[in-house]
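These notes are about the structure you will find just below.
Here is the naming used below: chain letters follow the sequence lines, and residue numbers restart at 1 for every chain.
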Amino acid sequence: MYQQVKEYWKNLLEDQLRLMASEKGMEGDVVQTAGELVVNTPPNPEMGDLAFPLFPYAKVMRNSPQNIVKELAEKLNALDTVPEGAVLPSGPYLNVFIDTTSLASSLKEKVDAQKESYGHTETLSGRRMMVEFSCPNTNKPLHLGHLRNDAIGESISHILKANGADVQKVNLINNRGIHICKSMLAYQKFGEGETPDSSGIKGDHLVGKYYVRYAAWEKEDPTALSQAQEMLRKWEDGDEEVLRLWKLMNTWTIDGIEETYKNTGVSFDTYYYESDTYMLGKDKILKGLEDGVFYREEDSSIWIDLEEINLDKKVLLRKDGTSLYLTQDIGTAIQRHEKWPFDSLIYVVASEQAYHFKVLFHVLGKLGYQWAENLYHLSYGMVNLPEGKMKSREGTVVDADDLFASLTSLAKEEIIAKNREAEVGDIDDVSEKIARGALSYYLLQPSPMKDMVFNPADSISFNGNTGPYLQYMGARISSMLAKWEEMKSDFTDIDFDASHLTVRDERELIKMIALYPSLVAQAAVEYNPSVITSFLYDLSRTFSRYYHDHAVLKAEKKEQIVARVALVTMVLQVLKNAYGLVGIPFLQSM
RNA sequence: GCGCCAAUAGCUCAGCUGGAUAGAGCAACAGCCUUCUAAGCUGUGGGUCAGAGGUUCAAAUCCUCUUUGGCGUACCA
């Protein structure tokens, strides 16, 4: 809606510029020559809502930008359609105050009507988009790195959906391979029949314990690795005993990981298992060989030459005919497209694998799959600690469950310290939701592409630019509106009138609400949830200042109260809608 | 070596399809709770936007080079 207002003024100004030019006897379309007007925002709201720099017109119109602005302002002011004071010349800029009153009126109608779907767009309407993320190994519990992956994957799925896409969230469980056998082997040797139930250890942590145990054992026993390899061979031969243990331990891990997903607010539409898919892709490689897309080395391994995309050669099938990571990914992509013909497939995977995906997409293209150009690697940076990289050998890996638990207990302590136990209701539930919001927001704030530093001390602080701060605004508004419910019967004779919303921050809030849908669209185009987190913080900060400075329910005039309640109601709706896109639970009270 | 990515306040990050004095949070300091939840609000200090060139009326933003850091360049996933 804000876009339309911008567009309106841009067109109006451009028309007037054309008029000015032709009055001066200039030939041709001045807008075409100088370029379309750029719409900016003035440095502060007192200077206007929109700013049009007129530098580019100086040369074409042979006049200083200042003079052009002055003339343009006069022309605009002479029009009946331009209200007094709407246009403000400011040096080389022509600033415009938009009509936030009528904007607020139409916004109110729209938000009232659309409610939780306010902000949704049609930009991806009808597109089938698959998002693959998380993809954990079944030999250990999730850590901080997975949490960033999950947060981005989950959020981007919501964002795409909000823009009209038909989204499928998929998880590919890495349950096969030598690393899985290592934990199995250690369990066989040292486990003594321990189970999650008998030990009281969460399944994924129990399996992780034996993965660590293996590493220690490997140092003492030089035959360890060959034993693990032997176990993998048995697994591939379908050895019953090995398969039984494999299934058992997989169940433990996956059950554990699902509990973590539940805590952190992550879910999937479909699970794939590597054990089912690792054979896929071979046929396609052989077919490609027949078609001359690939070539066979003397040792009979199959390769592709990547000279076209300025890369080296890459092996696709081992000399013994077994498949590789790449082979498998080729197979799964093709299989997925057959099962659910997507318009695009987004892989949420760490930036370390950029090369892999470049090759994967190229190979699929060479195999003749048109849709290969609609594959996208949503690459995200590493999560580091203040002292550097996380290293499992040094025990600095931040465990997902531990982190979530400590966030939850801190939130709980905070509620108790503030004496809010009675108001919040289920304190455990609320504490978990605060923890979830804090974590998700912390991880989604930086642009995905960049490496980030996870500072444990910062992450557990609930002050300042944090998830709980955002939740707090929602809770404050909710409690305000609850009070309004009790008093609103005295206001039935008063209609909403947006002309009572004139204070600076009211105008700011109106503009932000109006801008929100275009940001939802932008977040999808950029595959960037931080567009939404930044917006949420801006909106919250502005609102926080606003209700601190201006009484809502205790405003002087009744008309003002009605208008402000309506505005605040809209702010709450937008907050809720945006929370949903970035994994922040809404709290009625906190 | 080659390739990809990054570099903004003491720390963590926004801003990057070029536009007005580069913004937040944390940390430091100073204020504000008989008034809609102080998980809050206000203010002060803090910047050669890594460096050098270039393009432009205008560069943190675009281009080139340099420096520093991360990642990759496996018949691992």
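Comparing G10(B) with C57(B), their P atoms sit 35 Å apart, to the nearest whole Å. As rounded to the nearest Å, G70(B) and A60(B) have P atoms that lie 28 Å from one another.
Here Phe357(A) pairs with Tyr347(A), Phe361(A), His377(A) under the ring-ring contact (aromatic ring centres under 6.0 Å, His included) rule; sequence neighbours left out. By the side-chain contact (heavy atoms from CB on, under 4.5 Å) test, Lys511(A) pairs with Tyr2(A), Asp49(A), Ile98(A), Thr100(A), Glu508(A), sequence neighbours left out. Qualifying salt bridge (charged side-chain N to carboxylate O under 4.0 Å, His left out) partners for Asp150(A), counting only residues two or more places apart in sequence or in other chains: none. Scored by the ring-ring contact (aromatic ring centres under 6.0 Å, His included) test, His362(A) finds no partners at all (sequence neighbours excluded). Evaluation of the ring-ring contact (aromatic ring centres under 6.0 Å, His included) rule for Tyr441(A) yields no partner, not counting sequence neighbours.
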Contact string for nucleotides 30-42 of chain B, one letter per nucleotide 5' to 3', B = base within protein heavy-atom range under 4.0 Å, S = sugar-phosphate only, - = neither, reads -----SBBSBBSS

Take nucleotides 56-61 of chain B nucleotide by nucleotide from the 5' end and write B, S or -, depending on whether a protein heavy atom sits under 4.0 Å from the base, only from the sugar-phosphate, or from neither.
-B----

For nucleotides 10-17 of chain B, print each protein N/O atom paired with a nucleotide N/O atom at under 3.5 Å, atom names and distance only.
unit_1 : atom_1 : unit_2    : atom_2 : d
C13(B) : OP1    : Val453(A) : N      : 2.4
A14(B) : OP1    : Ser447(A) : N      : 2.4
A14(B) : OP1    : Ser447(A) : OG     : 3.2
A14(B) : OP2    : Lys450(A) : NZ     : 3.2

Under 3.5 Å, which donor-acceptor pairs do the side chains of residues 54-61 of chain A form with other protein atoms, sequence neighbours left out?
unit_1   : atom_1 : unit_2   : atom_2 : d
Tyr57(A) : OH     : Gly35(A) : O      : 2.9

Tell me which donor-acceptor pairs under 3.5 Å the side chains of residues 528-537 of chain A have, and how far apart each pair is, sequence neighbours excluded?
unit_1    : atom_1 : unit_2    : atom_2 : d
Asn528(A) : OD1    : Ser530(A) : N      : 2.9
Asn528(A) : OD1    : Ser530(A) : OG     : 2.8
Asn528(A) : ND2    : Ser530(A) : OG     : 3.3
Thr533(A) : OG1    : Ser530(A) : O      : 3.0
Ser534(A) : OG     : Ser530(A) : O      : 2.9

Name each donor-acceptor pair under 3.5 Å that joins a side chain in residues 176-185 of chain A to protein atoms two or more places apart or in another chain, with its distance.
unit_1    : atom_1 : unit_2    : atom_2 : d
Arg176(A) : NH1    : Glu236(A) : OE2    : 3.0
Ser183(A) : OG     : Ile180(A) : O      : 3.0

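Of the candidates C76(B), A24(B), C71(B), the closest approach to any side-chain atom of Tyr537(A) belongs to A24(B).
Secondary structure note: stems in RNA chain B built from 3 or more consecutive Watson-Crick or G-U wobble pairs under 3.5 Å occupy B:1-7 with B:67-73, B:10-13 with B:23-26, B:28-32 with B:40-44, B:50-54 with B:62-66.
Arg476(A) forms no cation-pi arrangement with Phe543(A), by the criterion of a distance under 6.0 Å to the ring centre and an angle within 45° of the ring axis.
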